[in-house]
Trainee: 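Sharing a structure, written as structure tokens. Questions coming.
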Amino acid sequence: QVHLVESGGGLVQPGGSLTLSCEASGSIFRIVSMGWYRQAPEKERELVASINSGGSRDYGNAVKGRFTISRDNAMNTVYLQMNSLKPEDTAVYYCNSYAYTSTTSWDSWWGQGTQVTVSS
């Protein structure tokens, strides 16, 4: 069982910046990848950014050049630096982790989400 806790969401004006954090805890043997997804009202969940254990990063097309994902050395905490925010970025942001809980067991885990609202 892996528990993910997001923090840092809130209200920000267009053009502003915000940083989200996600900390993983629980029965973790090894984290393979961590990432951020978002879901706006009446839209499906989409990839924002991800990073794997080798440091490779992937970004959704809508946020390339504006958002940056980073991690601590143990990869138990990931961050999402969000710059040049637009109203279209308004959504619930969810942390995700793909992790082994033993040498043979693995799964994908989700946090409860944090609201980001970009508005004047």
Trainee: Provide the closest heavy-atom pair for Met34 versus Ala24 in the form atom of the first, atom of the second, distance.
Mentor: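 Closest pair (atom of Met34, atom of Ala24, distance): CE-CB, 4.1 Å.
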Trainee: I want to check something: taking the side chain as every heavy atom from C-beta on, are Val48 and Met82 in contact at a cut-off of under 4.5 Å?
Mentor: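 SC-SC contact between Val48 and Met82 ruled out.
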Trainee: Would a 4.5 Å heavy-atom cut-off, applied to side chains only, mark Leu11 and Ser119 as touching?
Mentor: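 Contact flag for Leu11/Ser119 side chains = yes.
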Trainee: Say you draw a straight line from CZ of Arg30 to OG1 of Thr103; how long is it, rounded to the nearest 0.5 Å?
Mentor: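 Going from CZ on Arg30 over to OG1 on Thr103, the span is 13.0 Å.
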Trainee: Is Val78 reachable from Leu18 through a run of hydrophobic residues whose side-chain heavy atoms are each under 4.5 Å from the next?
Mentor: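 They do share one cluster, since a chain of ILVMFWY contacts under 4.5 Å joins Leu18 to Val78.
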Trainee: Test of understanding: clusters of I, L, V, M, F, W, Y form through side-chain heavy atoms closer than 4.5 Å, transitively. Do Leu4 and Ile51 belong to the same one?
Mentor: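 Shared cluster, yes.
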Trainee: Closer than 3.5 angstrom, by distance alone: can the side chain of Arg71 be matched with the main-chain N or O of Asn52 as a donor-acceptor pair?
Mentor: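 Side chain of Arg71 to backbone of Asn52, a donor-acceptor pair under 3.5 Å: yes, one is there.
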Trainee: Could you report the tightest heavy-atom contact between Tyr59 and Phe67, atom names first, then the distance?
Mentor: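 Result for this residue pair: CE2-O, 3.3 Å.
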Trainee: Please check this pair: side chain of Asn96 against backbone of Trp109, looking for a donor-acceptor N/O pair closer than 3.5 Å.
Mentor: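 Yes; at least one donor-acceptor contact below 3.5 Å.
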Trainee: Describe, in one word, how the ring planes of Tyr100 and Trp106 are oriented to each other, choosing from parallel (under 30°), tilted (30 to 60°) and perpendicular (over 60°).
Mentor: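 Tyr100 and Trp106: tilted rings.
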Trainee: Where the side chain of Arg57 meets the backbone of Ser70, is there a donor-acceptor pair that is under 3.5 Å apart?
Mentor: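 Judged by distance alone, no pair lies under 3.5 Å.
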Trainee: How far does OG1 of Thr77 sit from CD of Glu23, to the nearest 0.5 angstrom?
Mentor: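 Result: 4.5 Å between the selected atoms.
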Trainee: On a heavy-atom basis, which atom in Tyr93 and which in Ala91 lie closest, and how many Å separate them?
Mentor: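 That would be CD1-O, 3.4 Å.
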Trainee: A side-chain contact here means heavy atoms from C-beta on lying under 4.5 Å apart; do Cys95 and Trp36 qualify?
Mentor: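 With C-beta onward as the side chain, the pair touches.
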Trainee: Can you find a heavy atom in the side chain of Tyr37 that is under 4.5 Å from one in the side chain of Leu47?
Mentor: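 In short, these two side chains touch, coming nearer than 4.5 Å.
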Trainee: Quick one: closest heavy-atom pair of Thr90 and Val118, and the distance?
Mentor: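 That would be OG1-N, 2.9 Å.
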Trainee: Going by distance alone, is a donor N or O of one side chain under 3.5 Å from an acceptor N or O of the other, for Gln81 and Thr19?
Mentor: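 Thr19 and Gln81 do have a side-chain donor-acceptor pair below 3.5 Å.
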Trainee: Just how far is it from atom OG of Ser17 to atom CG of Leu85, taken to the nearest 0.5 Å?
Mentor: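 Here the interatomic distance stands at 6.5 Å.
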Trainee: Specify the closest pair of heavy atoms between Ile31 and Ser97, including all atoms of both residues, with the distance to one decimal.
Mentor: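 Scanning both residues, the minimum pair turns out to be CG2-OG, 3.7 Å.
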Trainee: Please list, chain by chain and in numerical order, all residues satisfying salt bridge (charged side-chain N to carboxylate O under 4.0 Å, His left out) with Glu46, sequence neighbours excluded.
Mentor: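 With sequence neighbours excluded, Glu46 shows a salt bridge (charged side-chain N to carboxylate O under 4.0 Å, His left out) to Arg38, given in chain and number order.
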Trainee: Quick one: does Gln112's side chain have a donor or acceptor within less than 3.5 Å of a partner on Val5's backbone?
Mentor: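 Checking the backbone N and O of Val5 against the side chain of Gln112, no donor-acceptor pair under 3.5 Å is found.
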Trainee: Looking at Leu80 and Ala49, what are the two nearest heavy atoms and their distance?
Mentor: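 Heavy-atom minimum between the residues: CD1-CB, 4.1 Å.
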Trainee: How far does OH of Tyr98 sit from OG of Ser108, to the nearest 0.5 angstrom?
Mentor: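 Taking OH in Tyr98 and OG in Ser108, the distance rounds to 8.0 Å.
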